[in-house]
Amino acid sequence: MKVIQGGVCAASGFTAGAVHSGIRKAKDRDGLALIVSSSPCQAAAVYTRNQVKADPLQVTRDHLSDHTARAVIVNSGNANACAMNGHVNAVRQCEAAARYLGVDVDDVLVASTGVIGQELPIACIEQAVDQIALSADNDVRCARAIMTTDTKEKMAAVSFEIGGVTCHLGGIAKGSGMIHPNMGTMLAFITTDCAVSAQLLQKLLYRNTQITFNRVSVDGDTSTNDMCIVLANGQAGNAMLEDEDEQSAVFEEALHAVMEDLAKKIAADGEGADRLMTCTVTNAADEQTAETLAMSICSSSLVKAAMFGADANWGRVLCAMGYSGAKFDPQAVSVTFASAAGEIVVCENGKGLLFDEDLAKTILSEDHVEIRADVHQGNAQATCWGCDLTYDYVKINGDYRT
C-alpha cells in the first residue's frame, strides 16, 4: 500500500466539482458539491445513531436499498434537519443532480450539513447545480465545499494491488464540532476503483467505522446528519471481491488507512482546537474495555481543558477512567504523557510520582500530545482521538446560528 495525493478523485472514473450555491452568506465560499462516477458503483453507508435523523439520511438510505449508486450531492450551510419540507427538498436535491448528470434519481445520494431547523432554500441548489464543472482535479475544491466550522480540508488516498492489479482508494471528510461516536460522527465520502461487492463493502465499512470514526470525540455531541458513504466502481479491473480472504484483507487495510487518516484530521481540527490528543489504553482485559477507557479519557472536558493549558493533571485521567463503566484495577494503572518533545511517567500503580513539571509542560505544549494509560490486566489495547478544549470552542458555538 502506498500513500498518494488526492481524495475522492484519486480512483479511476471519479470526478467532482463544487460551486457557490447562495446558501452560504460568504460569496467566496463554495457550498454545493458533486461526486460522480462514470459507471455504476457498488455502495455502502453507515449513519448516525442519533434518533433525530436529518431527511437527507432517510432519502440516501432509501436510494441505497439496491446497494448501487452513481453520484453524491452535498450542500453545506444548511443541515435540512428538523426543517419544513425536509424530505421533499432532499428528494428535489437528488432530482436536480440526476437531471444534470442524466442518471436515474435513485442513483443519486444526498447529504447536508449546517444549521439545524431551517428550511433548505432548494431553489438555490436547483439553479446552481448546472454550474458545477466536473473534473478529476477537484479533490480540494470538493473537500472545501462541504466544510462548515472546519478550518482546513480533510483528504486522504492510497494505492494498492489486488491480484496484480493496481487499485486506488481515496476520501474526503468534514467535521469539527458535534463530533462523538455512534456512526462516523461527521460526513465522509470514500471512493475506490477496486471491484468489491456491496455486501462485503458494507461489512468492512461497518467494522472499520468502529475502530476509526467511532473512536473520535471533540465535544460529546452526535450530529443528526452524520454519515459515511463508500462507492466502488470496479474500473481498476480486478476480479470482484466478494468474500473475506487474503485479497479482501489488502482492500480492508487500504480502507482502514484512509478512514483512520480522516478520523485523525477531524480530531485535530476540532472547533477551536490547538492540539490533537491521542489516548491509548494498553494491557487491558479485552479490546472493548480498552476502548471504553480510552474514549472516556478522550471525551473528558476536564482532561481536554488540562491539555489546552499544558497542565499534567493526570488525576483527571484516572477520574475519567473511573466513571467510564469499564472494569479495571485503579491501583495497577500507570499514566504517561508523550509528544515529539519527549515523554514523562506521571503515575504508577495508581499513585502520583514526583516529576519535572517544566518538562511535562514542554511535552504537553506540542501540537500532538499522547496520553498513555497502562492498566496491567491483559494484552488488549485501543486508541481514540480527540482535541483540547479551548476558549474558542465557546466563541464558535455561542452564536453559530445567528
Say you draw a straight line from NZ of K265 to NZ of K152; how long is it, rounded to the nearest 0.5 Å? 10.0 Å
Can you tell me which residue among I35, L169, L231, V8 is in a side-chain contact (heavy atoms from CB on, under 4.5 Å) with I190? L169
Working to the nearest 0.5 angstrom, can you tell me the gap between C167 SG and F251 CZ? 8.5 Å
M155 vs I172 side-chain heavy atoms within contact, under 4.5 Å: yes
Flag, side chain of S339 to backbone of I363, donor-acceptor distance under 3.5 Å: yes
For the backbone of L293 and the side chain of S296, can you confirm whether one donor and one acceptor N or O come within less than 3.5 Å of each other? no
Check whether D243 reaches the backbone of D245 with its side chain - one donor and one acceptor, N or O, closer than 3.5 Å. no
Would one find more than 12 heavy atoms of other residues, nucleotides or ligands at under 6.0 Å from atom CE of M84? no
Side chains of S112 and Q93 in contact at under 4.5 Å (non-hydrogen atoms): yes
Quick check: do C142 and F189 have side-chain heavy atoms less than 4.5 Å from each other? no
Out of curiosity, H63 NE2 to D106 CG, how far, rounded to the nearest 0.5 Å? 4.5 Å
Of I73, L32, V36, L101, the one forming a side-chain contact (heavy atoms from CB on, under 4.5 Å) with I132 is L32
For C384 and A294, the nearest pair of non-hydrogen atoms, with its separation, is SG-CB, 3.8 Å
Smallest heavy-atom separation, L187 atom then N225 atom, equals CD2-O, 3.2 Å
Can you see which heavy atom on L64 is nearest to which on A69, and at what distance? CD2-CB, 4.3 Å
What pair of heavy atoms forms the shortest contact from I23 to C124, and how long is it? CG1-CB, 4.4 Å
Could you walk me through whether E153 and M147 satisfy the side-chain contact (heavy atoms from CB on, under 4.5 Å) test, starting with their C-alpha distance in whole Å, then the side-chain angles of each, then the deciding distance to 0.1 Å, before giving a yes or no? CA-CA 7 Å; E153 69 275 3; M147 291 165 48; 4.2 Å; yes
Test item: N349 side-chain N/O and K351 main-chain N/O as donor-acceptor pair under 3.5 Å: no
When you look at R215 and T383, which way does the side-chain contact (heavy atoms from CB on, under 4.5 Å) test go after all the steps? CA-CA 7 Å; R215 288 184 177 177; T383 298; 5.5 Å; no
Exactly one of V108, L109, V72, N89 clears side-chain contact (heavy atoms from CB on, under 4.5 Å) with C94, and that residue is V108
Side chain proximity check, W385 to E260, heavy atoms < 4.5 angstrom: yes
Would you check if F213 and D226 make a side-chain contact, meaning some heavy-atom pair closer than 4.5 Å? no
Flag the pair T166 / H168 as yes when at least one side-chain heavy-atom distance between them is below 4.5 Å, and no otherwise. yes
C194 and I162 have their tightest heavy-atom pair at SG-CG1, 4.1 Å
Under a 3.5 Å distance rule, please check whether D286 uses its side chain to pair with a backbone N or O of A380 as donor and acceptor. no
Identified side-chain contact (heavy atoms from CB on, under 4.5 Å) partner of N78 from the options L120, V115, T113: L120
Contact check, side chains of M307 and I371, non-hydrogen atoms, under 4.5 Å: yes
From CA spacing to verdict: side-chain contact (heavy atoms from CB on, under 4.5 Å), V196, Q42: CA-CA 7 Å; V196 188; Q42 297 287 288; 5.9 Å; no
Between the side chain of Q131 and the main-chain N/O of Q127, is any donor-acceptor distance below 3.5 Å? yes
Spacing of K174 atom NZ and I146 atom CD1 [to the nearest 0.5 Å]: 7.5 Å
Rounded to the nearest 0.5 Å, how far does OG1 of T15 lie from CG of N138? 8.5 Å
Value rounded to 0.5 Å, distance of NZ in K53 from OG1 in T48: 6.0 Å
One pair to check against side-chain hydrogen bond (donor to acceptor under 3.5 Å, both in side chains): T278 and H368. What are the steps and the verdict? CA-CA 8 Å; T278 297; H368 179 194; 2.7 Å; yes
Residue pair D55, H87: steps toward the side-chain hydrogen bond (donor to acceptor under 3.5 Å, both in side chains) verdict: CA-CA 5 Å; D55 283 293; H87 187 271; 5.6 Å; no
Checking side-chain polar atoms at under 3.5 Å, does E252 have a donor or acceptor matched by the opposite partner on S248? no
Would you say the side chains of D329 and Q377 form a donor-acceptor pair under 3.5 Å? no
Determine, for K361 against E357, whether the closest basic-nitrogen to carboxylate-oxygen distance falls under 4.0 angstrom. no
Which heavy atom of S37 sits nearest a heavy atom of S39, and at what distance? OG-O, 2.6 Å
Checking N80 side chain against G86 main chain: does a donor-acceptor pair fall under 3.5 Å? yes
Verify, without hydrogens or angle tests, whether R141 (side chain) and A18 (backbone) share a donor-acceptor contact under 3.5 angstrom. yes
Where the side chain of D139 meets the backbone of C9, is there a donor-acceptor pair that is under 3.5 Å apart? yes
Any non-hydrogen side-chain atom of I211 less than 4.5 Å from a side-chain atom of H256? yes
Kindly determine whether Y47 and R61 satisfy side-chain contact (heavy atoms from CB on, under 4.5 Å), including the steps that lead there. CA-CA 9 Å; Y47 311 94; R61 189 156 50 189; 3.8 Å; yes
Does D30 pair with R144 as a salt bridge, N-O distance under 4.0 Å? no
Verify, without hydrogens or angle tests, whether T60 (side chain) and L57 (backbone) share a donor-acceptor contact under 3.5 angstrom. no
